[in-house]
Amino acid sequence: MKRNWLDALGLPAVRKAAGDAVLTAAYDFPDYTLEEYRQPLADGTFQRVMMSVPKNVTFPAPAVAVPFYHPEGMLGFDPKTGEKLPFFQGIEMMVHLAKRGYIALCGEAYHLTYLQSDKGRDDFTRWKDAAAALKRDHPDLTGMGKLTSDTMRLVDLLASDPRVDARRMGIAGHSLGGKMAFYAGCLDERVKVILASDFGFGWEQSNWDDPWYWDGKTKALAENGMDHTALLSVCAPKPFCLLAGEYDDASSGERMNKTKVYETHPEYLLLVHHGKGHRPPADALEAGYDFLDRYLK
């Protein structure tokens with residue numbers, strides 16, 4: 001079944017050795033140091049990665065990959081200037097996790113890395129541009145495959161760092177980051193626990209058919225029995241926590257629980273249905289972090 005997902009995503013074409021990341025900058029903060037890297041990807045492009053390394057912890061320490069649009073979003077501020085980014089306040093998972101004693105990292109998504117562009121970082125048309133270029137250059141690689149492959153490169157960086165306990169690596173993400181976390185977490189055996197927030201567990205619950213994700217292929221996937229219950233079964237009974245707020249709801253939990261392997265391990269599945277919109281409130285995030293603690297500490 002895993003092979004079916006890898007083939008559908010187009011991952012066999014891109015999961016190749018891509019070289020080592022290079023440290024390009026470092027910043028010091030009271031609770032953690034922040035390291036910036038330039039990491040090569042298998043398709044010849046590069047992603048900018050930031051890693052928060054907590055202070056006053058014993059190494060090797062547990063670690064969590066936190067995929068998202070760009071690292072600053074998961075920090076909630078620009079480390080170069082100290083400027084706060086109001087839109088991301090409250091969901092800065094990298095900072096939350098660093099304060100809990102996790103090494104955490106986030107990289108730029110491919111709408112920022114695949115094409116050189118004069119458009120602003122938040123210009124959403126960059127997604128359309130990057131998806132079109134990706135399809136032209138790699139017809140067998142889906143946008144979701146590219147996102148998954150690049151997220152696995154984040155796990156590569158964690159696994160190669162001697163400060164990381166590779167036996168205690170998890171993944172966490174919100175929205176787009178939740179999609180990336182879910183796919184990479186299900187398909188990468190090195191990831192031991194998955195935390196995903198409001199990414200749309202059902203095909204109809206989010207914009208899965210957009211060209212930068214599955215590009216209209218979800219109907220064919222569903223006809224072949226490939227939905228996210230099936231994807232979760234690939235890694236079952238790996239612990240999985242879903243924070244539901246807007247796109248995900250109680251029905252998402254029902255679909256999660258259809259994964260038969262978890263019938264004998266119900267404690268490995270958790271739905272936190274806060275129902276307070278797309279952005280998870282602090283108590284929901286804390287419940288998700290507690291879930292990570294249960295399996296990584």
Side-chain angles (χ1 to χ4, degrees), residues 2-22 24 36-50 65-73 105-157 160 171 173 175-188 199-200 203 206-222 224 226 228 231:
K2 180 178 179 178
R3 180 85 264 167
N4 293 344
W5 282 97
L6 295 175
D7 289 342
L9 289 164
L11 276 180
V14 294
R15 281 300 289 166
K16 303 172 184 175
D20 297 330
V22 176
T24 58
E36 186 169 350
Y37 293 87
R38 186 173 188 260
Q39 184 178 37
L41 302 171
D43 56 15
T45 60
F46 294 82
Q47 63 181 345
R48 186 172 57 89
V49 178
M50 289 187 183
V66 188
F68 198 57
Y69 293 88
H70 50 77
E72 288 83 358
L105 86 174
C106 180
E108 290 180 323
Y110 80 90
H111 71 305
L112 300 177
T113 66
Y114 197 72
L115 288 177
Q116 294 295 318
S117 177
D118 294 328
K119 296 179 179 179
R121 183 170 66 179
D122 298 325
D123 188 334
F124 206 78
T125 62
R126 291 187 68 152
W127 280 103
K128 295 180 180 179
D129 297 343
L134 186 71
K135 187 173 183 178
R136 178 196 66 218
D137 298 341
H138 303 282
D140 295 330
L141 177 62
T142 63
M144 199 63 231
K146 170 67 170 162
L147 290 167
T148 302
S149 176
D150 291 356
T151 303
M152 289 179 172
R153 285 293 287 150
L154 297 179
V155 180
D156 290 344
L157 185 53
S160 67
I171 197 164
S175 192
L176 162 80
K179 289 176 166 66
M180 298 161 78
F182 182 69
Y183 272 73
C186 287
L187 295 170
D188 194 325
F199 69 92
W203 289 131
S206 185
N207 58 331
W208 288 106
D209 271 322
D210 281 347
W212 48 89
Y213 292 136
W214 276 106
D215 196 21
K217 297 179 180 180
T218 63
K219 181 178 179 181
L221 291 170
N224 288 321
M226 297 175 69
H228 291 140
L231 179 55

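The CD atom of Glu108 sits 12.0 Å away from atom CD of Gln39, with the distance rounded to the nearest 0.5 Å. Here the CG-CD distance, from Leu154 to Gln47, works out to 4.5 Å after rounding to the nearest 0.5 Å.
In this structure, Trp208 and Tyr213 have tilted ring planes: the angle between them lies in the 30° to 60° band. Note on ring orientation: taking the six-membered ring where Trp is involved, the planes of Tyr69 and His111 are perpendicular (angle over 60°, cut-offs 30° and 60°). Ring geometry for Trp203 versus His228: interplanar angle of 30 to 60°, hence tilted. By the 30° and 60° cut-offs, the orientation of the rings of Tyr183 relative to Trp214 is tilted. Between Phe68 and His70, the two ring planes are perpendicular [angle over 60°; tilted spans 30° to 60°].
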**OP:** Applying side chain to side chain contact (heavy atoms under 4.5 Å, CB included), run through Trp212 and Leu147 and close with a yes or a no.
**Re:** CA-CA 9 Å; Trp212 48 89; Leu147 290 167; 5.8 Å; no
* Might you work through the salt bridge (charged side-chain N to carboxylate O under 4.0 Å, His left out) test for Asp156 and Arg153, ending with a clear yes or no? => CA-CA 5 Å; Asp156 290 344; Arg153 285 293 287 150; 3.1 Å; yes
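Between Leu115 and Arg126, the closest heavy-atom pair is O-NH2, 4.0 Å. When every heavy atom of Ala109 is checked against every heavy atom of Trp127, the shortest pair comes out as CB-CH2, 3.8 Å. For Lys119 against Asp129, the heavy-atom pair with the smallest separation is NZ-OD2, 2.7 Å. Closest heavy-atom contact between Val155 and Ala65: CG2-CB, 4.4 Å. Minimum interatomic distance between Leu134 and Thr142 (heavy atoms only, all atoms of both residues): CD2-O, 3.9 Å. Considering every non-hydrogen atom in both Ser149 and Leu11, the closest pair reads CB-CD2, 3.5 Å.
Thr218 is not listed as a side-chain neighbour of Met144, based on a closest heavy-atom distance of 4.5 Å or more. Side-chain atoms of Ile171 and Thr151, non-hydrogen and from C-beta on, do get closer than 4.5 Å to each other. Inter-residue side-chain proximity for Asn4 and Met226 is flagged as met; some heavy-atom pair is nearer than 4.5 Å. The shortest side-chain heavy-atom distance between Met152 and Leu187 falls under the 4.5 Å cut-off.
Qualifying salt bridge (Lys or Arg N to Asp or Glu O under 4.0 Å) partners for Arg136, counting only residues two or more places apart in sequence or in other chains: none.
The number of heavy atoms from other shown groups lying within 6.0 Å of NZ (Lys128) does not exceed 12. By the neighbour-count criterion of 12 heavy atoms within 6.0 Å, atom CZ of Arg121 is densely surrounded, having more than that number from other residues, nucleotides or ligands.
For the pair Lys146 and Tyr114, the NZ or CZ position fails the cation-pi test of under 6.0 Å to the six-membered ring centre and within 45 degrees of the ring normal.
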